[in-house]
Amino acid sequence: MLAALACNRLKDGEYNLTLLTTNDVHGRFFDSTYVDANLRKSLIGVSRVVDSVRVADGAENVVLVDAGDCLQGDNAAYYFNYVDTLGPHLYSRMVDYLHYDALAWGNHDVETGHPVYDRVFSEMKAFKVPLLAGNAIRNDNGKTYFPLYTVVRRAGLKIAILGYTNANIKAWLNEEIWSGMHFDRIMDHVQEDVDRVRAAEKPDVVIAAMHSATGKGDGSVAEAEALDVFRSVRGVDFVVCAHDHRPYTEQNDTMALVNSGSHCRYVGIGKLSLRVEGGKVTEKHISGGLIPVFAEKADTVMRETFHEDYLKVKAFTLQEVGTLGSDLRTRDAYRGMSDYINLIHTLQLGCAPAEISIAAPLTYDGIVKAGTLVYNDLFTIYPYENQLYIVRMTGEEIRLMLEASYDKWIQSPAGGHVLKIRERDDPRTGQKGWSFVERSYNFDSAAGIRYTVDVTKPKGERVAIESFDLSKEYNVAMTSYRASGGGGLLREAGVDTNRIDERIVSRYPEIREILYEYLKANGGIDPAVTGNPDVIGAWKFVPEKVAGPAIERDLELMFSR
């Protein structure tokens, strides 16, 4: 197809295009942690890499694309989403500074809500940087809510960039956040879209940027369609993907796939070279790779340009919000009850009419030191903007949900291991050596009841709940992510999350805001209060002589680096 187009459009000669990609930035706008002098990888480091490539390859030959999930995950994003809302969003201005050519929208961008993402969309239009999501379909007229594609010219080539978002957003977020639209599978549209754009625009190069995980290429997962596109769609030169936080590249004779991971650890790079002779493409070479970002190598001009914004975020971040009686370590949640998860359960059970709380560790390995708490600590305790829902469930559904959760978390002792871990480097967390097979933010435990989890028994027989009526209905507090079907735990319990509204008896604001209000009301966090068994109940792994030592050995393998 490209050869045929070249016969009509391209002059004889060599053409060399460089594609740079980012994704899952998650609010890493600044290279500071705000609370100390340590530097971290951020868009300021990305800018240094991008500038270096533009100098080496010629800015006129470089395209810069992002594949989504940038507006959530860090203090700076939160501050400009919800606190300082009068001027242009910081992210919009940074995108303009970096001269992005196009952005695909992610589920965590949608999570910010219409007031935020509609505002950023409008600002990006003013900066002439399109936000793309060709599978976000309006309910009223069947058109796309965001544009499907944009066209740019680089390296003497006409380049079409198509964008798509996570097709499974309804399993992550409540519909009120994305009201007025719905999300189709990317594979249901992409071949027709590519053919239509090629016919209309006659581009020389096509890039498909999608906030969808790399996946297995077997079409089985709605939010992991990148390899599906890579292996089956014709007429695409580069697939840029995201969502799973796994740096990955793959290529064949005609196409390259690039996933730069997350949190500005890498910049993805794609290279395309063409030789045209006698009006025909006689050679084509395409490749993909990753460029590491170094925290100590920063764009100092960019840092200075946005310094006033940084100072605003830092002041917000360092405001004192209360006290903490003893250290909170999120890794403690993997061995059983912990001060960290007890706190989350206490917050959720404090929201009427909750009777039972379901919660998981959302920070993989963080610590908040005892003493004075600042707002920054609340992001360690609760990093996401999840709302709290109270959902009506039967006792049997609760039991089945817990069985599904612990099956992700533990295994019957195998090779001496109780935690479901394996020896591999986990690119999602940066964990070297041993890591969880499943995602720890799906390791739900319950409060408000007493139960044991027998590690020697198979799934379906592990959870034994004391004085519990399996036929009775209970009001269960959980995140909006879980209630919407995230993690699949409710589905395994037999709950139809497409009809979850019929079960929701109450909705509360974001859980971090509930924590903030708790601190204002109580002055601090006392683990003796948040761990009160009369309120939160109790649970443990049994037999303790088997589970306890094995779990400690597993944690030592995972965290003794």
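Any value given below was found using the heavy atoms of this structure, including those in side chains, with hydrogens, waters and symmetry copies removed.
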Any side-chain heavy atom of V35 sitting closer than 4.5 Å to one from L318?
yes
Under a 3.5 Å distance rule, please check whether [X] uses its side chain to pair with a backbone N or O of [Y] as donor and acceptor.
{"X": "N342", "Y": "T530", "result": "no"}
{"X": "N532", "Y": "V529", "result": "no"}
{"X": "E403", "Y": "V463", "result": "yes"}
{"X": "Y441", "Y": "A360", "result": "no"}
{"X": "T330", "Y": "G366", "result": "yes"}
{"X": "Y481", "Y": "G487", "result": "yes"}
{"X": "W409", "Y": "Y334", "result": "yes"}
{"X": "R40", "Y": "S32", "result": "yes"}
{"X": "T317", "Y": "Y34", "result": "no"}
{"X": "R265", "Y": "S262", "result": "yes"}

Hey, is [X] close enough to [Y] for a salt bridge, meaning N to O under 4.0 Å?
{"X": "R512", "Y": "E385", "result": "yes"}
{"X": "E225", "Y": "R185", "result": "yes"}
{"X": "R231", "Y": "D218", "result": "no"}
{"X": "E396", "Y": "R399", "result": "yes"}

For the atom pair CD1 (I421) and CD (E423), what is the distance rounded to the nearest 0.5 Å?
9.0 Å
Rounded to the nearest 0.5 angstrom, the CG-CG distance for D109 and N107 is 8.0 Å
Quick check on [X]: does its [atom1] atom have over 12 non-hydrogen neighbours (other residues, nucleotides or ligands) under 6.0 Å away?
{"X": "K170", "atom1": "NZ", "value": "no"}
{"X": "K314", "atom1": "NZ", "value": "no"}
{"X": "Q319", "atom1": "CD", "value": "yes"}
{"X": "K520", "atom1": "NZ", "value": "yes"}

Taking the six-membered ring where the residue is Trp, are the ring centres of [X] and [Y] under 6.0 Å apart?
{"X": "W172", "Y": "Y384", "value": "no"}
{"X": "Y248", "Y": "Y266", "value": "no"}
{"X": "Y406", "Y": "W539", "value": "yes"}
{"X": "F443", "Y": "F436", "value": "yes"}

When the ring planes of Y474 and F468 are compared, do they come out parallel, tilted or perpendicular, using 30° and 60° as the limits?
parallel
How are the rings of F379 and Y78 set relative to one another: parallel (under 30°), tilted (30 to 60°) or perpendicular (over 60°)?
perpendicular
Among F316, Y79, F30, which residue satisfies the ring pair (Phe, Tyr, Trp, His ring centres under 6.0 Å) criterion with Y310?
F30
So if I apply the side-chain contact (heavy atoms from CB on, under 4.5 Å) rule between C264 and each of V49, I44, L43, which one comes out positive?
L43
Evaluation steps, side-chain hydrogen bond (donor to acceptor under 3.5 Å, both in side chains), between N174 and S484:
CA-CA 6 Å; N174 183 265; S484 299; 4.9 Å; no
Determine the sole option in N442, N386, T497 for which the side-chain hydrogen bond (donor to acceptor under 3.5 Å, both in side chains) test with R482 is passed.
N442
From R48, K297, R303, residue fulfilling salt bridge (Lys or Arg N to Asp or Glu O under 4.0 Å) relative to D31
R303
